[in-house]
Participant: 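Mind looking over this structure? Questions follow.
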Amino acid sequence: MKKFLLILFSFYLALVFLMPKTELYYTLKSFLAPQHVILTQERVKDRWFDLKIENLKLLYDGIESAQAEQVEVLPWLFFNRISAENVRAGKDVRKMFDFNAAQITVTHSVIAPLEAKISANGNFGKIEGSLKLKEGKLKLICEPTKAFKSSSMFRELFKKRDEGYVHESIIR
């Protein structure tokens with residue numbers, strides 16, 4: 001039994017370490033292109049246990065929407081996490097909605113396979129939420145800062161409810 005578990009664990013580690021993370025990232029980019037979402041980056045580095053992307057820019061319909069100083073992807077099969085640091089509005093969006101996030105994290109686990117947890121904090125306050133993967137339902141709950149609470153963009157996106165300020169939408 002011990003040998004079987006050792007072989008199983010070794011197979012799992014080999015699968016995680018030898019997974020072609022860089023190629024999977026470029027495949028994701030090609031899947032996003034028909035949706036008019038373009039990702040550009042300065043450098044992509046496979047570090048055996050994770051994938052590190054530096055100076056990532058997200059463009060939607062040719063509009064620079066967001067920039068991240070560093071993105072770290074942990075594809076561990078049973079637990080996956082995407083963590084972006086120093087995320088700020090892109091130059092084209094900044095005039096409308098200037099945000100800076102110290103950290104944005106999206107976590108997926110086999111414990112809840114149909115849901116991804118989202119958390120972020122920045123100059124807008126703190127956001128916690130989830131994305132139901134099967135239905136595409138996004139629900140974010142925000143604890144806004146005073147400055148963000150008074151902005152027209154916040155009032156347009158988040159509605160006051162019993163649980164706090166909530167944004168709900170469907171992603172297709």
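We're numbering straight along the sequence, starting at 1.
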Participant: For residues 114-123, tabulate all N or O donor-acceptor pairs below 3.5 Å that involve a side-chain atom, not counting sequence neighbours.
Facilitator:
{"unit_1": "Glu115", "atom_1": "OE2", "unit_2": "Ser130", "atom_2": "OG", "d": "3.3"}
{"unit_1": "Glu115", "atom_1": "OE2", "unit_2": "Lys132", "atom_2": "NZ", "d": "3.2"}
{"unit_1": "Asn123", "atom_1": "OD1", "unit_2": "Asn100", "atom_2": "N", "d": "3.0"}

Participant: Cation-pi check, Lys160 to Tyr165: give yes when NZ or CZ is under 6.0 Å from the six-membered ring centre and within 45° of the ring axis, no otherwise.
Facilitator: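 Checked: cation-pi criterion met.
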Participant: Does one hydrophobic cluster hold both Leu77 and Phe49, with members joined at side-chain heavy-atom distances below 4.5 Å?
Facilitator: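 Same cluster: Leu77 reaches Phe49 through Ile, Leu, Val, Met, Phe, Trp or Tyr contacts under 4.5 Å.
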Participant: Treating Ile, Leu, Val, Met, Phe, Trp and Tyr as nodes and any side-chain heavy-atom pair under 4.5 angstrom as an edge, say whether Leu51 and Leu32 lie in one connected cluster.
Facilitator: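 Per the 4.5 Å side-chain linkage, Leu51 and Leu32 are co-clustered.
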Participant: Rounded to the nearest 0.5 Å, how far does CD of Gln70 lie from CG of Leu56?
Facilitator: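 Interatomic distance, Leu56 CG to Gln70 CD, rounded to 0.5 Å: 11.0 Å.
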Participant: Within the 3.5 Å criterion, strictly below it, is a donor on Tyr60 or Gln35 matched to an acceptor on the partner's side chain?
Facilitator: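 On atom types as modelled, these side chains do not qualify, holding no pair under 3.5 Å.
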Participant: Roughly how far, to the nearest 0.5 Å, is CD1 of Ile38 from CG of Asp61?
Facilitator: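 Answer for the CG-CD1 pair, Asp61 versus Ile38, is 9.5 Å.
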Participant: Around atom CZ of Phe79, are there more than 12 heavy atoms from other residues, nucleotides or ligands closer than 6.0 Å?
Facilitator: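 It does: Phe79 CZ has more than 12 such atoms within range.
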Participant: Looking only at heavy atoms, which two atoms of Gly62 and Asp92 are closest? And how far apart?
Facilitator: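 Heavy atoms only, the tightest pair is O-OD2, 4.1 Å.
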Participant: Does the side chain of Tyr25 come within less than 4.5 Å of Leu39's, by heavy atoms?
Facilitator: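 Yes - at least one pair of side-chain heavy atoms lies under 4.5 Å apart.
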Participant: For Arg88 versus Asn86, what's the shortest heavy-atom pair and its separation?
Facilitator: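 Residues Arg88 and Asn86, closest heavy atoms: NH1-O, 3.5 Å.
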Participant: Out of curiosity, Leu28 CG to Ser30 OG, how far, rounded to the nearest 0.5 Å?
Facilitator: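 Reported value, rounded in 0.5 Å steps: 7.5 Å.
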Participant: Can you tell me if Asp46 uses its side chain to pair, donor with acceptor, with the backbone of Trp48 under 3.5 Å?
Facilitator: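 Yes; at least one donor-acceptor contact below 3.5 Å.
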Participant: Got a second to check how far Leu131's CG is from Lys139's NZ, nearest 0.5 Å?
Facilitator: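 That separation rounds to 13.5 Å.
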Participant: Pair Lys52, Glu54 - check salt bridge (Lys or Arg N to Asp or Glu O under 4.0 Å), show working.
Facilitator: CA-CA 7 Å; Lys52 183 178 178 183; Glu54 294 177 357; 3.6 Å; yes
Participant: Treating His108 as the side-chain partner and Pro113 as the backbone partner, does any N or O pair qualify as donor plus acceptor under 3.5 Å?
Facilitator: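 Indeed, once roles are kept as given, a pair shorter than 3.5 Å links the two residues.
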Participant: Would Tyr26 end up clustered with Leu24 when hydrophobic side chains under 4.5 Å apart are linked, directly or stepwise?
Facilitator: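 Each belongs to a different hydrophobic cluster.
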Participant: Which distance, rounded to the nearest 0.5 Å, do you find between the CD of Gln67 and the CG of Leu58?
Facilitator: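 Output value for this atom pair is 10.5 Å.
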Participant: Quick one, Lys91 and Lys57 - any side-chain contact, counting heavy atoms below 4.5 Å?
Facilitator: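 No, too far: nothing below the 4.5 Å cut-off.
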Participant: Minimum heavy-atom separation for Pro144 and Cys142, please, with both atom names.
Facilitator: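 Heavy atoms of Pro144 and Cys142 come nearest at CD-O, 3.3 Å.
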Participant: If you look at every heavy atom in Thr105 and Ser83, which pair is closest and at what distance?
Facilitator: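 So the minimum-distance heavy-atom pair works out to OG1-OG, 3.9 Å.
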Participant: Please say which of Lys159, Arg161, Lys137 ends up in a salt bridge (Lys or Arg N to Asp or Glu O under 4.0 Å) with Glu168.
Facilitator: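 So the option named by the test is Arg161.
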Participant: Can you establish whether the number of heavy atoms outside Lys126 located under 6.0 Å from its atom NZ is more than 12?
Facilitator: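 Result for NZ/Lys126: open.
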Participant: If you look at every heavy atom in Glu64 and Leu59, which pair is closest and at what distance?
Facilitator: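 Smallest heavy-atom distance, with atoms named: CA-CG, 4.1 Å.
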Participant: Is Val73 reachable from Phe17 through a run of I, L, V, M, F, W or Y residues, each pair having side-chain heavy atoms under 4.5 Å apart?
Facilitator: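 In one cluster: no.
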Participant: With ILVMFWY side chains joined below 4.5 Å, transitively, what does Ile141's cluster contain besides itself?
Facilitator: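 So far as hydrophobic clustering goes, Ile141 is joined with Val166.
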Participant: Verify, without hydrogens or angle tests, whether Asn80 (side chain) and Trp76 (backbone) share a donor-acceptor contact under 3.5 angstrom.
Facilitator: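 Yes, the answer is positive, given that a donor and an acceptor are paired below the 3.5 Å cut-off.
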Participant: Quick check on Ile171: does its CD1 atom have over 12 non-hydrogen neighbours (other residues, nucleotides or ligands) under 6.0 Å away?
Facilitator: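 Yes, the 6.0 Å shell around CD1 holds more than 12 heavy atoms from other groups.
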Participant: Which distance, rounded to the nearest 0.5 Å, do you find between the OG of Ser169 and the CG of Leu157?
Facilitator: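 So the OG of Ser169 and the CG of Leu157 are separated by 9.0 Å.
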Participant: Do Pro75 and Lys21 have side-chain heavy atoms sitting under 4.5 Å apart?
Facilitator: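 When only atoms from C-beta onward are counted, Lys21 and Pro75 do touch, with a gap below 4.5 Å.
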Participant: So do Gln103 and Val87 actually touch side chain to side chain, heavy atoms under 4.5 Å?
Facilitator: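 With C-beta onward as the side chain, the pair stays apart.
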Participant: Do the non-hydrogen side-chain atoms of Arg43 and Asn55 ever get within less than 4.5 Å of each other?
Facilitator: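 Counting from C-beta outward, Arg43 and Asn55 never come under 4.5 Å.
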Participant: Any non-hydrogen side-chain atom of Glu85 less than 4.5 Å from a side-chain atom of Glu69?
Facilitator: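 No - every pair of side-chain heavy atoms lies 4.5 Å or more apart.
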Participant: Hydrophobic clustering (ILVMFWY, side-chain heavy atoms < 4.5 Å, transitive) - are Leu15 and Leu18 grouped together?
Facilitator: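 Yes, one cluster joins them.
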Participant: Between the side chains of Lys149 and Glu143, is the shortest nitrogen-to-carboxylate-oxygen separation below 4.0 Å, so that they form an ion pair?
Facilitator: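 Looking at Lys149 together with Glu143, the answer is no, because their closest N to O distance does not fall below 4.0 Å.
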Participant: Please find out if less than 6.0 Å separates the ring center of Phe148 from that of Phe99.
Facilitator: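 Here the rings of Phe99 and Phe148 have centres that are no less than 6.0 Å from each other.
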Participant: Between Phe158 and Phe154, what is the ring plane arrangement, given parallel below 30°, perpendicular above 60°, and tilted in between?
Facilitator: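 Parallel: the ring planes of Phe158 and Phe154 meet at under 30°.
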Participant: Distance-only, no hydrogens or angles: does the Thr22 side chain make a donor-acceptor pair with backbone N or O of Pro20 under 3.5 Å?
Facilitator: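 Checking the backbone N and O of Pro20 against the side chain of Thr22, no donor-acceptor pair under 3.5 Å is found.
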